[in-house]
Amino acid sequence: MPVRMPRDNIVLVGFMGAGKSVCGRLLARRLGRCFVETDDMIVVREGRSIPEIFRTGGEARFRALEAEAIELLRLKSGEVIATGGGLPCRAGRMEALRDLGTTVWLAGDLAMLSARARRTGQRPMLAGRSAEAIEELYRAREPYYRQADVVVDTTGLGPDQVVARVLTALRDRDAARV
Ligand code: S3P
């Protein structure tokens, strides 16, 4: 019989700039849990940066690596997991993430998200895209994020406040289940 892990991970999803990395790290520290990011898993396994992966293999290669990362996440339990902004946005991906534990969508105003995403890090999905094209990308992704178990609106909030809201939302959800 295969051993089934108790999958009580907390899985953060959301658009680029939502604060999944910063808030995820903080949340993990608050809860005394390990923190892992799918982007880091991919970079370490490939030995190349995300822009390099996009440059050499295109988006298709990166998405295939994300699928592999999901498989590896199935070994994890009790961790806080931050996913790349595009990872949940394929058929069956939200189901796979929900199977890992509780999924949390860090939602927010698109103008704020894209301003933040442009300020920090190199993001191939934003490079050369107009504001309209980014909005289109966001609208196409929203239905996937919306499938998360918990939604936290981060608009106007700093990382500490976001984490406090996530913790409250998770506790409310637990209380509603007993
Ligand atoms: C991507 C988001 C990035 C990273 C990659 C692709 C996307 O992660 O996975 O550049 O398609 O939205 P963040 O959401 O952490 O920026």
Side-chain angles (χ1 to χ4, degrees), residues 9-29 34-73 76 79-94 96-98 100 103-148 150-155 157-159 162-163 166:
N9 302 288
I10 298 169
V11 185
L12 302 181
V13 301
F15 203 63
M16 293 169 273
K20 300 175 299 275
S21 309
V22 173
C23 299
R25 197 166 283 117
L26 201 58
L27 178 65
R29 205 182 306 145
C34 290
F35 174 67
V36 62
E37 287 199 67
T38 56
D39 283 351
D40 286 349
M41 292 167 69
I42 291 169
V43 167
V44 168
R45 265 168 77 92
E46 285 294 285
R48 289 181 297 157
S49 69
I50 290 175
E52 244 175 283
I53 297 170
F54 269 80
R55 210 165 27 244
T56 52
E59 184 183 352
R61 172 72 186 143
F62 183 72
R63 301 300 170 204
L65 292 168
E66 286 188 320
E68 285 176 22
I70 296 178
E71 282 311 304
L72 293 173
L73 289 175
K76 302 210 171 281
E79 304 203 359
V80 175
I81 299 166
T83 59
L87 182 142
C89 310
R90 295 266 177 300
R93 293 274 178 93
M94 276 307 293
L97 294 181
R98 285 219 310 268
L100 299 173
T103 48
V104 179
W105 174 23
L106 297 187
D109 170 63
L110 178 59
M112 173 200 80
L113 298 177
S114 23
R116 204 191 282 146
R118 286 207 187 276
R119 258 198 324 269
T120 55
Q122 286 186 297
R123 292 184 164 93
M125 292 301 289
L126 294 181
R129 268 203 162 86
S130 64
E132 292 71 33
I134 292 172
E135 174 154 10
E136 202 176 305
L137 182 66
Y138 178 78
R139 298 284 161 233
R141 288 177 170 189
E142 211 179 12
Y144 294 95
Y145 301 145
R146 208 172 274 294
Q147 293 170 42
V150 170
V151 181
V152 172
D153 184 0
T154 68
T155 308
L157 303 181
V162 171
V163 168
V166 171

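Keep in mind that the numbers below use all heavy atoms, side chains included, and drop hydrogens, waters and symmetry copies. Just follow the structure's listing: the first ligand is 1, and inside any ligand the first atom is 1. For reference, positions follow the sequence shown, starting with 1.
With a 4.5 Å cut-off on side-chain heavy atoms, Arg90 and Glu66 do not count as touching. Inter-residue side-chain proximity for Met94 and Thr103 is flagged as met; some heavy-atom pair is nearer than 4.5 Å. Residues Thr154 and Met112 have side chains in contact (heavy-atom distance under 4.5 Å, counting atoms from C-beta outward). Phe62 places a side-chain heavy atom less than 4.5 Å from the side chain of Asp39.
Both the backbone and the side chain of Met16 come within contact range of ligand 1, each with a heavy atom under 4.0 Å. In Glu59, neither the side chain nor the backbone holds a heavy atom less than 4.0 Å from any atom of ligand 1. Contacts between Glu37 and ligand 1, counted as non-hydrogen atom pairs separated by less than 4.0 Å, are absent for every part of the residue.
Annotation for Glu59: atom CD counts as buried by contact number, over 12 foreign heavy atoms lying within 6.0 Å. Glu142 CD: more than 12 foreign heavy atoms inside a 6.0 Å radius.
An N or O contact shorter than 3.5 Å is missing between Ile50 and ligand 1 by distance. Considering backbone and side-chain atoms alike, Thr83 places every N or O at 3.5 Å or more from each N or O of ligand 1. Between Arg123 and ligand 1, an N or O atom pair is found at a separation short of 3.5 Å. The shortest N or O to N or O distance between Phe15 and ligand 1 is not under 3.5 Å. Taking any N or O of Gln122, backbone or side chain, none lies under 3.5 Å from an N or O belonging to ligand 1.
Side chain of Asn9 to backbone of Ile81: no donor-acceptor contact under 3.5 angstrom is found. Here the side chain of Lys20 pairs a donor or acceptor atom with the backbone of Gly14 at under 3.5 angstrom. Side chain of Arg45 to main chain of Ala69: no donor-acceptor pair is present (N/O by atom type, distance under 3.5 Å, no hydrogens or angles).
The shortest separation from a heavy atom of Arg116 to ligand 1 is not under 4.0 Å, leaving the residue out of contact.
Annotation for ligand 1: atoms under 4.0 Å from non-hydrogen atoms of Arg63 are 7 (C), 11 (O). Contact atoms of ligand 1 toward Pro124: 10 (O) (distance under 4.0 Å to a heavy atom of the residue). Close approach of ligand 1 to Met125 is summarised as follows: ligand atoms under 4.0 Å from at least one heavy atom of the residue are 6 (C), 7 (C), 11 (O). Against a heavy-atom cut-off of under 4.0 Å, Phe62 is close to the following atoms of ligand 1: 5 (C), 6 (C), 9 (O).
Ser21 and Glu37 share a donor-acceptor pair across their side chains, judged by distance under 3.5 Å alone.
At the shortest separation from atom 4 (C) of ligand 1 among protein heavy atoms lies Asp39 OD2, 3.2 Å. Protein heavy atom in closest approach to atom 12 (O) of ligand 1: Arg141 NH1, 2.6 Å.
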